[in-house]
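In listed order, ligands and their atoms are each counted from 1. Only heavy atoms go into these numbers, but all of them, side chains included; no hydrogens, no water, no symmetry mates. Source: prediction; values computed, not measured.
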Amino acid sequence: MSLTHDFTKFLLECEALKFGSFTLKSGRQSPYFINAGSFNDGTRISALGKFYAHTIVAAQEVGKLGDFDTVFGPAYKGIPLAVTTSMALSEESGVPMGYTFDRKEVKDHGDGGMFVGTQLRDGMKVLLVDDVMTAGTAVREVVPKLKAAADVEIVGLVLSVDRMEKTKDSDKSAVQAVEEEFGFPVLSIANIHDIIEAARELRNDDGSALIDEERNAHIEEYFAKYGA
Ligand SMILES: O=P(O)(O)OC[C@H]1O[C@H](OP(=O)(O)OP(=O)(O)O)[C@H](O)[C@@H]1O
Ligand SMILES: O=C(O)c1cc(=O)[nH]c(=O)[nH]1
């Protein structure tokens, strides 16, 4: 069984894939939503870290991703992702891997500053992790923040789910646009097409299809409007 298939099953088991009507950061109204807040216990978040670590190591083995010194997750939902990924990588390699996250607001007392964890220094290599990419706004916000802190090299971005959508102002996929703009690879554990395909096979407790005709029509409509 592939990593994507296992991950899709894991998402569904954790109820991290929701159906309904959701307003996204981009303002898009989506009939499905990936809720990283559903990885809400030690077992789930630890399993998630292992999925990230496998994706990262597999990409490194085929030369798609370089080495790095710290895993950076943007606040808020990126924070546990960075921690669990660095834990899984440290366990797997036996070498401590750093993690770093930002604050959404500046702290002016105690340790102060905007970043927590491994501090960013000139020449450091950083791997970004986030839950999803939709239009690519979050990554555009976070890259300048990191670059302003130190002359770091961002080696790549790893997502739980690539929603495979267009940018706000072009027909290019958000992932492709970010790769071209910033020059680093964007990888994901799974993409939304694989996930929806797997969900189409599933049934509710009463035997009805998890994705019924009406839900399917909304999904197809959304894919046609925003899919890249
Ligand atoms: O590609 P985009 O269109 O930017 O959308 C995806 C981003 O939106 C969400 O973050 P949000 O800012 O809602 O933050 P949160 O982690 O505080 O929930 C999500 O966690 C991604 O970071
Ligand atoms: O685009 C978003 O804001 C978004 C989409 C999604 O599936 N999950 C999430 O947390 N945010």
Ligand-side contact atoms (ligand 1) for residue partner K77, heavy atom cut-off under 4.0 Å: 16 (O), 18 (O)
For A138, atoms of ligand 1 separated by under 4.0 Å from a heavy atom: 4 (O), 7 (C), 22 (O)
Other residues, nucleotides, ligands: >12 heavy atoms within 6.0 Å of E180 CD: yes
Option among T118, D69, T70 that satisfies the side chain to side chain donor-acceptor pair (under 3.5 Å) test with T100: T70
N/O separation below 3.5 Å, T137 to ligand 1: yes
Under 3.5 Å: donor-acceptor pair, side chain of D162, backbone of N191: no
Ligand 1 contact on T134 by region, counting heavy-atom pairs under 4.0 Å: both
Mode of M133 contact toward ligand 1 - side chain, backbone, both, neither (heavy atoms, under 4.0 Å): both
I'd like the atom pairs linking ligand 2 to the protein - N or O on both sides, separation under 3.5 Å - with distances to 0.1 Å.
unit_1   : atom_1 : unit_2 : atom_2 : d
ligand 2 : 1 (O)  : T134   : OG1    : 2.6
ligand 2 : 3 (O)  : K25    : N      : 2.9
ligand 2 : 7 (O)  : I34    : N      : 2.9
ligand 2 : 7 (O)  : R163   : NH1    : 2.8
ligand 2 : 8 (N)  : I34    : O      : 2.7
ligand 2 : 10 (O) : I34    : O      : 3.3
ligand 2 : 10 (O) : K77    : NZ     : 3.1

Any donor-acceptor pair under 3.5 Å from R44 side chain to S38 backbone: yes
E197 atom CD: more than 12 heavy-atom contacts under 6.0 Å: no
Between H193 and F223, ring centroids under 6.0 Å: yes
Aromatic ring pairing F7/F10, orientation class (parallel under 30°, perpendicular over 60°, tilted between): tilted
Enumerated ligand 1 atoms positioned under 4.0 Å from heavy atoms of K104: 14 (O), 17 (O)
Test side chain to side chain contact (heavy atoms under 4.5 Å, CB included) applied to A149 - qualifying residues, sequence neighbours left out: F115, L120
